[in-house]
Amino acid sequence: MKNKEIAEIFDRIADALEFKGEQFFRVLAYRKAARIIEELTDDIDVLNKQDKLREIPGIGEGIAKKIDEFLKTGKMKKLAEAMQGISKDLLELLNIQNLGPKTLKLTSDELGVKNLKDLKRVIEDGSLTKLFRMGEKKVENIQKGIALFEHGKARTPIDRALEIADTVVKYLKKSRLIANATPSGSLRRMKETIGDIDILVSGKNGKKIVDYFTKMPGVMQVLASGDTKGSVILETDLEPIQVDIRIVPEKQYGAALQYFTGSKEHNVKIRSLAKEKGLKVSEYGVFRDKKTIAGKTEASVYKVLGLPWIPPEIREDRGEIEAALANKLPKLVELEDIKGDLHIHTNNSDAVNTLEEMVNAAIKLSYEYIAFADHSKAAFYANGLTEERLKREINAIAKLQISYNNIRILRGIEVDVLDSGKLDFSDEILSQLDVVVASVHQGFKKRVTERMCSAIENPNVDIIAHPTGRLISRRPGYDVNLEKVLEYAKKYHKIMEINAYPDRLDLNDIWTRKAKEMGIKIAINTDAHGIADLEWMKFGVSVARRAWLEKQDVVNTLKWKDLKNLLNIR
DNA sequence: GCCGTTTTCGGCCCGACTGTTTTCAGTCG
């Protein structure tokens, strides 16, 4: 698929045009196109051949033509034209905080800056300070931006970000000045990784609150501190992270929460919808002329626009506003709907807890069932089970089940899909199990699509685990044609997994939604290697919610007797 | 560049903070 490549080209064009001072909205159009194409699950080449590109909102005549040009010739004239006289190295510098397109253009025109090295040089020799509207402070801020840029501003995984946000909220709430504090932004939308942590605060004395905030333990640097806004870089035991707070009066909390939760794209659409109705939406409320007509609660903001409240997880401008207008919002699956976990490890392979300890932990979560899926023998690095040890585990589970009548303990395996495409255990053994979870753990570049498809064809296989194998910010995932794998899953009625391990979250939101649209059932599993990991279920549910999944799309929301039928368990 | 039951032209979300200025431009979210 050329989707990613094309999205990157449009982003590059947007950068170049922005740098050159092209009309803001034209730049925006390219950025929007890039985002849409990046999120597309269909092959752009196929869409183009079917002449369907123009049906996608945000892709018009101009962009469609450029895509066609690129797919046919491998080139795009517009890119070469936009890049005329500038280099990739120069545009990279736009990622430096406090250095925007205007300033970069000026340094390039006046001082001949072409790359990071040049930029550092003009700071060193003092020539940057001499530019129009440039002063010492601005240069200092650009230097700080460079430091962050060089450090590589990594995005923080959702689980870590939640912990940090929790610490900040606790600190804030200790102050009497503060009535309320809520994590918002991408954190509230439960994106898989978080850039900055945004926290909305209500209280009366903004200035004092910001002061208190910037004095929090661990603050390395204060980026901004005004009457209603504060921004700091916070030291953590991993990477430093930016934390922003925004202070509003109690009666504007809903409007501010709506605004601060985003996404930006969602808000742009909400605000333009308001405009059509002669209203104005800002973080201070919804206004008709100068009169406030909503804003105390988030629901009130949506209501005056004629919309039901929209759950934060789907506020990405991926059709949620249109669905809300048509009163067709999904009733999203919730953590409380989950009745079991179908992918759990024990100390029989590479995990820390025993069968019984895991069973007891599952009972505490009020689960009706759990399935043990230890590794198979090919996963020797994970102390995978041999046939003999699997048999022993099966017997142990049978024994355990006798003393636990309030939970069903399912006999399963996470069986490796071998390089040949065969499974690591014979059909005879697999057929004795309640749940077979198949996954690829090796040979990431060896015909992964074909191997997965042949695993799906095996009648003993129930679930395909972590279908792309990606590890967030660490490993891109297998070389796999997911579209084809999903088609097979659909054909053979197999279940696809959302692996809730925070570094995996695999399938992701976009592909899970695609799977749902194809009518494929999903299992949300933690892949727990210890009791504490069972809590990861909430991250998996968040992915499901971001993918618009409803309770009936997720197999482990089923009652035991229904799951039993689905899996044909004796 | 995209888009359209007010438009095929003229809009396109809205505001805070900072630094460098004497009223505003640039950056960010």
Side-chain angles (χ1 to χ4, degrees), chain A residues 10 13-14 17-19 21-36 53-67 78 82 94-107 129-142 144-145 148 184-187 194-200 206-207 210 214 222-232 242-248 252 255-256 258-287 301 305 317 321:
Chain A
F10 285 134
I13 292 175
L17 294 183
E18 189 172 25
F19 173 81
E22 176 64 272
Q23 271 189 65
F24 173 69
F25 289 105
R26 180 164 297 172
V27 174
L28 210 66
Y30 278 109
R31 288 221 193 286
K32 193 174 176 190
R35 182 180 72 94
I36 291 165
L53 285 177
R54 293 289 311 274
E55 290 170 22
I56 304 169
I59 296 188
E61 198 186 337
I63 299 263
K65 262 192 184 160
K66 291 179 179 77
I67 295 171
K78 181 74 188 181
L94 284 174
N95 294 319
I96 295 171
Q97 260 193 3
N98 305 317
L99 178 66
K102 298 276 167 29
T103 313
L104 187 60
K105 179 85 165 53
L106 199 64
T107 59
T129 326
K130 298 202 178 75
L131 292 182
F132 183 61
R133 272 186 165 276
M134 253 313 164
E136 273 179 33
K137 283 248 181 178
K138 273 201 170 177
V139 173
E140 210 174 281
N141 284 333
I142 291 171
K144 285 176 185 169
L148 274 178
S184 45
S186 50
L187 199 60
I194 307 298
D196 305 332
I197 291 178
D198 300 317
I199 294 173
L200 181 67
K207 182 87 203 137
V210 173
T214 55
V222 179
L223 300 173
S225 81
D227 292 344
T228 64
K229 224 175 123 170
S231 182
V232 303
Q242 183 173 331
V243 183
D244 299 337
I245 64 164
R246 184 74 187 257
I247 300 108
V248 295
Q252 294 170 340
Q258 196 285 322
Y259 158 76
F260 219 20
T261 297
S263 67
K264 194 175 164 186
E265 290 80 8
H266 174 88
N267 285 353
V268 166
K269 195 161 260 186
I270 285 290
R271 287 174 180 201
S272 78
L273 181 70
K275 212 166 178 178
E276 279 170 33
K277 293 175 184 282
L279 303 173
K280 192 182 81 172
V281 174
S282 76
E283 54 265 56
Y284 302 117
V286 185
F287 303 90
V301 173
L305 300 175
D317 187 24
I321 294 170

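So that the names make sense, note that chain A is the first sequence line, chain B the second, and so on, each numbered from 1. Computation of the quantities below employed the complete heavy-atom set of this structure, encompassing side-chain atoms and omitting hydrogens, waters and symmetry-equivalent molecules.
- In terms of the salt bridge (Lys or Arg N to Asp or Glu O under 4.0 Å) criterion, residue partners of K65(A) (sequence neighbours excluded) are, by chain and number, E61(A).
- The gap from the C1' atom of dT5(B) to that of dG1(B) amounts to 24 Å, rounded to the nearest Å.
- Within the nucleic acid shown, N267(A) has no heavy atom closer than 4.0 Å to any nucleic acid atom.
- With rounding to whole Å, E22(A) atom CD is found 18 Å from dC12(B) atom P.
- No contact: I270(A) has no heavy atom under 4.0 Å from any strand.
- Within 4.0 Å (heavy atoms only), V281(A) reaches sugar-phosphate atoms of the nucleic acid but no base atom.
- Distance noted for atom C1' between dT21(B) and dG26(B): 13 Å (whole Å).
- Residues forming a salt bridge (Lys or Arg N to Asp or Glu O under 4.0 Å) with R54(A) (at least two apart in sequence, or on another chain): none.
- Here dC14(B) presents its P atom at 14 Å from CG of L28(A), a figure rounded to the nearest Å.
- Atom CD1 in I199(A) sits roughly 16 Å away from atom P in dG29(B) (whole-Å rounding).
- No more than 12 heavy-atom neighbours from other residues, nucleotides or ligands sit within 6.0 angstrom of NZ on K102(A).
- When the options Q97(A), K137(A), M134(A) are evaluated for a side-chain contact (heavy atoms from CB on, under 4.5 Å) with I142(A), the one that passes is M134(A).
- We find that CZ of F24(A) is positioned 11 Å from C1' of dC28(B), with the value rounded to whole Å.
- The pairing partner recorded for dT8(B) is none, the criterion being a Watson-Crick or G-U wobble arrangement whose two distances lie under 3.5 angstrom.
- Applying the salt bridge (Lys or Arg N to Asp or Glu O under 4.0 Å) rule to K280(A) yields no partners; only residues at least two apart in sequence or on another chain are considered.
- Contact check for V248(A) versus E283(A): no side-chain heavy atoms found under the 4.5 Å cut-off.
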Donor-acceptor pairs are to be reported for all side-chain atoms of residues 270-277 of chain A against protein atoms at under 3.5 Å, with residues two or more places apart or in another chain.
{"residue": "R271(A)", "atom": "NE", "partner": "V281(A)", "partner atom": "O", "Å": "3.4"}
{"residue": "S272(A)", "atom": "OG", "partner": "K269(A)", "partner atom": "O", "Å": "3.2"}

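- Comparing dG11(B) with dT18(B), their C1' atoms are spaced 30 Å from each other, to the whole Å.
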Summarise how protein sits on nucleotides 1-7 of chain B as a single string, 5' to 3': B when a protein heavy atom is under 4.0 Å from the base, S for sugar-phosphate-only contact, - for no contact. BSS----
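- dT27(B) atom C1' lies 18 Å from atom NZ of K105(A), rounded to whole Å.
- When the P atom is compared between dA25(B) and dT20(B), the two are found 16 Å apart, to the nearest whole Å.
- Residue whose closest nucleotide on DNA chain B sits further toward the 5' end, between T103(A) and S272(A): S272(A).
- Not counting sequence neighbours, the partners of A34(A) by the side chain to side chain contact (heavy atoms under 4.5 Å, CB included) test are F10(A), D11(A).
- Checked against side chain to side chain contact (heavy atoms under 4.5 Å, CB included), L94(A) has the following partners two or more places apart in sequence or in another chain: D15(A), L91(A), P101(A), L104(A).
- Between L273(A) atom CG and dC12(B) atom C1' the separation is 15 Å, expressed in whole Å.
- Between K275(A) and the phosphate of dC12(B), there is a side-chain N or O to OP1/OP2 separation shorter than 4.0 Å.
- Looking at residues two or more places apart in sequence or on another chain, you find a side chain to side chain contact (heavy atoms under 4.5 Å, CB included) between S263(A) and R189(A), E265(A), H266(A), E316(A).
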Could you run down nucleotides 15-21 of chain B 5' to 3' and tag each one B, S or - for protein heavy-atom contact under 4.0 Å? SSSSBS-
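- With C1' as the reference atom, dC17(B) and dT8(B) are 40 Å apart, rounded to whole Å.
- dC13(B) and dC2(B): their P atoms are spaced 16 Å apart (whole Å).
- K102(A) places its NZ atom 13 Å from the C1' atom of dC24(B), with the value rounded to the nearest Å.
- Across all strands shown, I247(A) has no heavy atoms under 4.0 Å from either base or sugar-phosphate atoms.
- Distance check on atom C1': dT6(B) versus dA16(B) gives 34 Å, rounded to whole Å.
- Taking the C1' atom of each, dC12(B) and dG19(B) are spaced 29 Å apart, rounded to whole Å.
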Check against side-chain hydrogen bond (donor to acceptor under 3.5 Å, both in side chains), E136(A) and T129(A): CA-CA 6 Å; E136(A) 273 179 33; T129(A) 326; over 6 Å; no
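- The nearest whole Å value for the distance from the CG atom in L94(A) to the C1' atom in dG26(B) is 13 Å.
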